[in-house]
Amino acid sequence: MSTLATDGRPEPLVVRSREIEDPGALLALLPPTSDALAWVHGGDGIVGWGRAASYSPDGDDRFDAADDWWAEVVDASVVRDEVELPGSGLVAFGSFTFADGPGSVLTVPEVVVGRRDGRCWVTTIGLSLGPSPALSTSTPTDPSGTLFADEPGRRDDWAATVEAAVRRIQSGELDKVVLARSVDASFEEPLDVRSPLARLASAYPSCWTFHVDGFFGSTPEMLVRLQGGLVTSRVLAGTIRRTGDDARDLSLAASLARSSKDLEEHEYAVRSVADALAPHCTGMNVPESPFVLHLPNVMHLATDVTGVLRDDAGVLALVASLHPSAAVGGTPTADAVRVIAEIEQLDRGRYAGPVGWIGASGDGEWGIGLRSAQVAPDRRGARLFAGCGIVADSSPADELAEADAKLIPVRDALA
Ligand SMILES: C=C(O[C@@H]1C=C(C(=O)O)C=C[C@H]1O)C(=O)O
């Protein structure tokens, strides 16, 4: 099938989805090529490869530009979808940068394989109706000789940056800012990203394991899902590290749910999401108190916000309204984004930006790109990211330890 990359007017695409026998683990179907795409959650989801079309918007209108491009692709396509499940038919995978610079991408693959609730399908996308692809599985090569560069000097610098942020918050300049740090990994051989993906999906089945253009991870946070008019967002903010002792973790979970620092931080994040969704929704449900989400490395305060779409917004329009939520930016948003740019000393790239997929109807799922890393173009290195919400009584040492805990999933997957 021919590969066509367009950064202008989309070419007409011919799309066909048909049901298939269960092909086994979706991630195992990915070829060892850098165009592998993944979005999986507890065994369900979609994987893809090849590039039928792609688009790389930048600037602060990157979401709107992507939405317009997608509308043109959909308009120009002929779709025969015999499956009609979320993720079947024409889809694009995408990853957006946190800030306005370059690096955002939407890719329409040539082949998509999906599973949902026991039903499986394959979608082919191209300039003409091609033959159905032969699906085969292969075992990825594990990373070798991984080294992590996490120098004490850089850790101290980050703790000093947290301290500076606390002072600015205490002076009344803003309420909350999320500060991130990075750790670089290097490998003896070019990384086969399918290996960390498989490890992440198996260790964190309740998270969304993703890969788009070298950006991969397993995020617990759903920025927004739009499905058949129902809007859902899972907001996380307020974190405690797990100790490995279940009884102790349970009592820590109880203290997390009572901690005024964490509840305050959480409230900011829930408010920012509810306010951003309100203009698009009726019948919104914003629970008054959070639940505790247990992950193998950390526990989070979590709130699921839901609503019914009342306008014709597609999921990318909702993403545009939501990003950056206070879970990854801060409060007030504009002040937090300015303070991040001033003091963080880090190019976040796609970290903490929206990552996910959109379908022809405008439905889709976009997580926040957390617990993640960006692989270098030569695949001999990767940059891991983690951040923490800083409020007036944050302690730099605790935040450093929290960021370390948030680095564990990708660190383990690459070791
Ligand atoms: C910023 C990250 O996580 C975010 C910050 C959290 C917090 O400060 O408690 C919790 C979950 C996420 O919303 C990250 O994982 O890098």
Side-chain angles (χ1 to χ4, degrees), residues 15 17 37-42 44-46 48 55 57 61-75 77 79 81 83-96 104 106-108 112 114-117 121 123 207-208 210 212 219-236 269-270 272-287 302-325 327-328 353-369:
V15 185
S17 293
L37 297 156
W39 177 263
V40 295
H41 177 252
D44 280 2
I46 47 177
Y55 183 59
D61 67 345
R62 59 198 178 287
F63 302 109
D64 294 338
D67 206 15
D68 290 347
W69 178 79
W70 183 240
E72 286 180 25
V73 172
V74 170
D75 254 12
S77 298
V79 182
D81 182 359
V83 182
E84 298 201 336
L85 285 171
S88 70
L90 179 62
V91 293
F93 291 73
S95 176
F96 288 91
S104 299
L106 273 186
T107 298
V108 182
V112 180
R115 174 187 293 106
R116 188 170 167 112
D117 302 332
W121 69 91
T123 302
C207 296
W208 289 269
F210 58 85
V212 178
T219 182
E221 189 149 4
M222 174 60 70
L223 181 64
V224 63
R225 171 194 295 128
L226 175 60
Q227 194 189 309
L230 187 64
V231 180
T232 320
S233 177
R234 169 161 292 177
V235 186
L236 306 179
V270 172
S272 77
V273 165
D275 289 350
L277 289 179
H280 297 286
C281 291
T282 53
M284 277 185 67
N285 180 25
V286 186
T303 297
D304 287 337
V305 174
T306 55
V308 176
L309 192 70
R310 72 151 165 238
D311 56 21
D312 59 359
V315 73
L316 282 178
L318 300 178
V319 166
S321 314
L322 283 161
H323 177 77
S325 80
V328 288
V355 58
W357 64 273
I358 183 168
S361 66
D363 284 6
E365 296 178 291
W366 290 80
I368 303 182

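Just so it is clear, the model here is predicted, and its values are computed rather than measured. Position 1 is the first residue of the sequence, and the numbers go up from there.
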Are side-chain heavy atoms of [X] and [Y] found at a separation under 4.5 Å?
{"X": "H280", "Y": "L309", "result": "yes"}
{"X": "T232", "Y": "V224", "result": "no"}
{"X": "R310", "Y": "C281", "result": "no"}
{"X": "V74", "Y": "W69", "result": "no"}
{"X": "T306", "Y": "M284", "result": "no"}
{"X": "L90", "Y": "V73", "result": "yes"}

Would the distance check show the side chain of [X] and the main-chain N or O of [Y] forming a donor-acceptor pair, the cut-off being under 3.5 Å?
{"X": "S77", "Y": "V79", "answer": "no"}
{"X": "T219", "Y": "I368", "answer": "yes"}
{"X": "D363", "Y": "G228", "answer": "yes"}
{"X": "S272", "Y": "A269", "answer": "yes"}
{"X": "E221", "Y": "L236", "answer": "yes"}
{"X": "W70", "Y": "G359", "answer": "yes"}

Heavy atoms only: give me the nearest [X]-[Y] pair and the separation to one decimal.
{"X": "A313", "Y": "L318", "value": "CB-CD2, 4.1 Å"}
{"X": "S233", "Y": "L277", "value": "CB-CD1, 4.3 Å"}
{"X": "T303", "Y": "P287", "value": "CG2-CD, 3.7 Å"}
{"X": "L322", "Y": "L223", "value": "CD1-O, 3.6 Å"}
{"X": "S88", "Y": "D81", "value": "OG-OD2, 2.9 Å"}
{"X": "R62", "Y": "S104", "value": "CD-OG, 3.5 Å"}

Hey, what do you get for [atom1] ([X]) to [atom2] ([Y]), rounding to the nearest 0.5 Å?
{"X": "L106", "Y": "L316", "atom1": "CG", "atom2": "CG", "result": "6.5 Å"}
{"X": "I46", "Y": "L37", "atom1": "CD1", "atom2": "CG", "result": "9.0 Å"}
{"X": "R115", "Y": "L85", "atom1": "CZ", "atom2": "CG", "result": "12.5 Å"}

| said: Are F93 and W357 an aromatic pair, judged by ring center distance below 6.0 Å? | reply: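 Between F93 and W357, which both carry aromatic rings, the centre distance is not below 6.0 Å.
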| query | How would you list, by chain and number, every residue that makes a ring-ring contact (aromatic ring centres under 6.0 Å, His included) with F96, sequence neighbours excluded? | reply |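 Here the qualifying residues are F63, W366.
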| message | Run the side chain to side chain contact (heavy atoms under 4.5 Å, CB included) test on R225 and W208 for me, step by step, so that the C-alpha distance in whole Å, both residues' side-chain angles and the decisive distance to 0.1 Å come before the verdict. | response | CA-CA 12 Å; R225 171 194 295 128; W208 289 269; 3.8 Å; yes
| field | Side-chain H-bond candidate by donor/acceptor type, T123 with S17, under 3.5 Å | value |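 Side-chain D/A pair, T123 to S17: present.
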| Stepwise, does the side chain to side chain contact (heavy atoms under 4.5 Å, CB included) test hold for D44 with D117? | CA-CA 7 Å; D44 280 2; D117 302 332; 3.9 Å; yes
